[in-house]
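These notes concern the structure reproduced below.
All values below were derived from every heavy atom in this structure, side-chain atoms included, with hydrogens, water molecules and symmetry-related copies excluded.
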Amino acid sequence: TGFTQALGWLAVAGGTTVVTVEYGTDGLTADPDFTPVTIAAGAVAPFNVLGPYLRFRIVQSVADATKTKLYLQARA
């Protein structure tokens, strides 16, 4: 059981914020064989979950970001 896709919404304001989904097989490190998925602001189109573990990396390259909200929902 589990899920094979995720979808949702990303809202950001101010600064420059990049959100990526990284995948792994051991729960500790990102696996370089899985290409990370970049999530754009607004509605997040359904994307395939490529590995048994996933993590979200949020990088703010300009420090004046005033809002970062990420909502995701899994679906089979």
Side-chain angles (χ1 to χ4, degrees):
T1 64
F3 58 93
T4 59
Q5 289 190 326
L7 66 154
W9 188 267
L10 173 64
V12 294
T16 302
T17 303
V18 177
V19 178
T20 55
V21 183
E22 299 175 335
Y23 301 97
T25 55
D26 62 4
L28 297 174
T29 58
D31 189 322
D33 293 330
F34 296 112
T35 302
V37 175
T38 300
I39 296 177
V44 176
F47 60 90
N48 293 325
V49 175
L50 303 176
Y53 296 94
L54 58 115
R55 67 181 179 191
F56 299 91
R57 180 175 297 252
I58 300 173
V59 177
Q60 295 177 326
S61 59
V62 178
D64 61 349
T66 57
K67 173 174 68 174
T68 302
K69 294 181 181 181
L70 176 62
Y71 167 78
L72 288 175
Q73 181 175 357
R75 73 180 195 181

Value rounded to 0.5 Å, distance of [atom1] in [X] from [atom2] in [Y]:
X: K69; Y: L10; atom1: NZ; atom2: CG; result: 11.5 Å
X: L54; Y: D31; atom1: CG; atom2: CG; result: 13.0 Å
X: T17; Y: I39; atom1: OG1; atom2: CD1; result: 12.5 Å
X: I58; Y: L70; atom1: CD1; atom2: CG; result: 6.0 Å
X: F47; Y: T4; atom1: CZ; atom2: OG1; result: 11.0 Å
X: L50; Y: Y23; atom1: CG; atom2: OH; result: 4.5 Å

Going hydrophobic residue to hydrophobic residue with side-chain gaps under 4.5 angstrom, can you get from V49 over to V44? yes
Tell me whether L72 is reachable from F3 by hopping between hydrophobic residues (I, L, V, M, F, W, Y) whose side-chain heavy atoms are closer than 4.5 Å. yes
For the student: nearest non-hydrogen atoms of V21 and F56, plus distance: CG2-CE2, 3.4 Å
Show the nearest heavy-atom pair for residues G24 and P52, with the distance to one decimal.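 The pair with the smallest heavy-atom distance is O-CD, 3.4 Å.
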Residue from T66, T68, V18, V19 passing side-chain contact (heavy atoms from CB on, under 4.5 Å) with V12: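 Looking at T66, T68, V18, V19, the match for V12 under the side-chain contact (heavy atoms from CB on, under 4.5 Å) is T68.
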Pairs flagged by side chain to side chain donor-acceptor pair (under 3.5 Å) wherever residues 35-51 is involved - sequence neighbours left out: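 Applying side chain to side chain donor-acceptor pair (under 3.5 Å) to every pair that reaches into residues 35-51, excluding sequence neighbours, yields Q5-N48.
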Count the heavy atoms belonging to other residues, nucleotides or ligands that lie under 6.0 Å from CZ of R57, then report whether that count exceeds 12.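 Count not over threshold, so no.
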